[in-house]
2 protein chains.
Amino acid sequence: MNAITVLLVDDHLVVRSGLRALLGTQPDIDVVAEASSGEEALERVQEHSPAVVVMDLAMGPGMDGIEAIRRIRERNGRQAILVFTTYDSDADIVRAVDAGAMGYLLKDAAPEEIFAAIRGAVQGKSVMSPPVASRLFQQLRNPDEILTPREAELLSLLTEGLSNRELGQRLFISEATVKTHLAHIYAKLGVETRAAAIATAIRREGMR
Amino acid sequence: MNAITVLLVDDHLVVRSGLRALLGTQPDIDVVAEASSGEEALERVQEHSPAVVVMDLAMGPGMDGIEAIRRIRERNGRQAILVFTTYDSDADIVRAVDAGAMGYLLKDAAPEEIFAAIRGAVQGKSVMSPPVASRLFQQLRNPDEILTPREAELLSLLTEGLSNRELGQRLFISEATVKTHLAHIYAKLGVETRAAAIATAIRREGMR
DNA sequence: AGGGCTCTCAGCCATTTGGCTGATACGGCT
DNA sequence: AGCCGTATCAGCCAAATGGCTGAGAGCCCT
């Protein structure tokens with residue numbers, strides 16, 4: 001039987017080594033290449049056409065994981081992409097699945113979980129770490145809490161520490177509109193002040 | 001020649017595997033044990049008395065890396081402790097060095113850097129990743145920007161999104177005093193609003 | 001055509017925050 | 001004893017923020 005070919009994408013060498021060592025114990029899984037950036041990932045996919053791409057979302061400067069997923073899916077849809085990352089950030093999960101990820105694993109997942117996810121991915125099965133799945137489920141249950149694109153944009157700038165006036169100037173809208181958006185954001189995030197919104201956003205949405 | 005005995009502490013199995021794989025290539029370095037939590041790290045140190053402890057700061061629930069460093073140094077000062085983590089947060093660096101860490105490496109360090117750090121550590125040399133060293137240097141150069149303990153405490157609570165009133169209640173001081181501290185914090189962080197202070201604090205101090 | 005969502009803006013008012021000045025108290029250092 | 005840093009508190013005032021109501025325009029979907 002043919003082994004499942006895998007490409008590892010992570011900007012940390014130790015993580016790639018660790019995955020390679022772990023996956024090396026499985027005869028039916030074959031790590032054929034590694035990449036340390038989104039750009040490199042695209043090249044390796046072209047070269048090797050791996051069956052599965054295991055990818056960290058957080059990568060240094062340049063293309064991030066989400067963008068890499070999108071590009072891989074666009075030009076070469078045959079790969080199953082597994083996200084393998086440290087954080088179970090709501091926004092990341094949604095964006096990764098949206099971009100075309102087949103599964104979302106946390107880095108503290110047990111080896112068996114990882115193996116199962118890779119084997120499942122080639123068969124078109126979607127795999128999530130339990131904590132990730134429960135978060136996704138919550139999101140689906142509470143559509144009220146999903147920010148509109150404009151609100152997300154504003155929230156992102158909010159975490160830069162801008163004032164209402166500055167937000168308005170940056171987005172070419174009046175301060176009144178800024179306040180309206182903010183009020184909606186607060187309601188959706190379940191907070192009452194801008195400070196709490198920033199704290200929530202940075203911590204929970206992974207806006208580092 | 002006797003190999004350098006090493007204990008790996010990281011809550012992520014893949015990271016431990018990766019480090020083990022990397023360090024396994026060096027004949028003079030011998031990984032004698034692994035731990036996935038601060039508590040476990042203490043036990044392993046007792047059991048194996050490794051020459052070097054390579055430790056991640058961020059670990060799941062329970063004892064964090066800083067606390068683990070402190071405890072190891074307290075009861076058994078013979079180990080050289082190397083911090084090996086993802087973030088170059090100012091606060092973490094200072095606290096880790098304060099707790100007794102010999103060096104501070106980032107996870108994207110080159111293998112040679114890691115080997116050199118371990119070898120240097122047993123000889124009492126202090127090793128820092130270049131970006132880490134430069135941050136520390138900046139801290140030393142700008143003593144004006146170092147927060148007092150009370151200010152740091154307040155800033156920490158600030159990132160929870162509390163109001164001045166709540167801050168006062170939590171710290172058993174008047175709102176007036178809270179405002180005084182805040183003004184000092186803003187000046188030291190070089191910001192003008194609480195929002196910017198929170199953003200700066202969370203991003204730069206690693207207050208996740 | 002109508003309903004719903006998003007984005008935009010306005011005005012009013014209460015609360016919060018920030019800037020400023022000045023003050024007291026304690027501890028350590030010289 | 002005197003100085004400095006830290007921590008505490010007060011009062012005043014301007015600016016920013018948040019809560020509320022209401023409203024028009026564009027868009028998509030049925």
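Order of the sequence lines sets the chain letters (A, B, ...), proteins ahead of strands, with each chain counted from 1.
The backbone N or O of A109(A) lies less than 3.5 Å from no partner atom in the side chain of E113(A), so there is not a single donor-acceptor pair. Panel note: side chain D10(A), backbone H12(A); a donor-acceptor pair is recorded below 3.5 Å.
As a whole-Å value, the separation of I185(A) CD1 from dT6(C) P is 13 Å. Protein atom CZ of R165(A) is 9 Å distant from nucleotide atom P of dT17(D), rounded to whole Å. Whole-Å rounding puts the L182(A) CG to dA16(D) C1' distance at 12 Å. For H184(B) and dC20(C), the NE2 to C1' distance is 11 Å, given to the nearest whole Å. Atom CZ in R194(B) sits roughly 11 Å away from atom P in dG19(C) (whole-Å rounding). Atoms CG (L167(A)) and P (dA16(D)) sit 13 Å apart, rounded to a whole Å. Atom CG of L171(B) and atom P of dA7(D) are 11 Å apart (whole Å). Between the P atom of dA16(D) and the CG atom of L162(A) lies a distance of 14 Å, rounded to the nearest Å.
Side-chain atoms of A176(B) lie closest to dC9(D) of the nucleotides dA16(D), dC9(D), dG18(C). Checked against dC9(C), dT17(D), dC9(D), the side chain of I173(B) finds its nearest nucleotide in dC9(D). Among the nucleotides dG19(D), dT8(D), dC7(C), the one closest to any side-chain atom of H181(B) is dT8(D). Taking every side-chain heavy atom of K179(A) into account, dG18(D) is the closest of dC7(C), dG18(D), dC9(D). With distances taken from any side-chain atom of S174(A) to the nucleotides dG18(D), dA10(C), dG19(C), the minimum falls on dA10(C).
Side-chain nitrogen and oxygen atoms of R150(B) include at least one within less than 4.0 Å of the OP1 or OP2 phosphate oxygen of dT8(D). Residue N164(A) places at least one side-chain N or O closer than 4.0 Å to OP1 or OP2 of dT17(D). At least one side-chain nitrogen or oxygen of T177(B) sits closer than 4.0 Å to the OP1 or OP2 atom of dC9(D).
Between K179(A) and E175(A), no side-chain nitrogen of the basic residue sits less than 4.0 Å from a carboxylate oxygen of the acidic one, so the salt-bridge criterion is not met.
Contact of the V191(B) side chain with the T193(B) side chain is not registered, since no non-hydrogen atoms from C-beta on lie closer than 4.5 Å.
Among the heavy atoms of the strands, none lies under 4.0 Å from E175(A).
Along DNA chain D, the nucleotide closest to S163(A) and the one closest to T180(A) are compared, and the more 5′ of them pairs with S163(A).
Annotation: E47(A), atom CD; neighbour count of heavy atoms from other residues, nucleotides and ligands within 6.0 Å is above 12.
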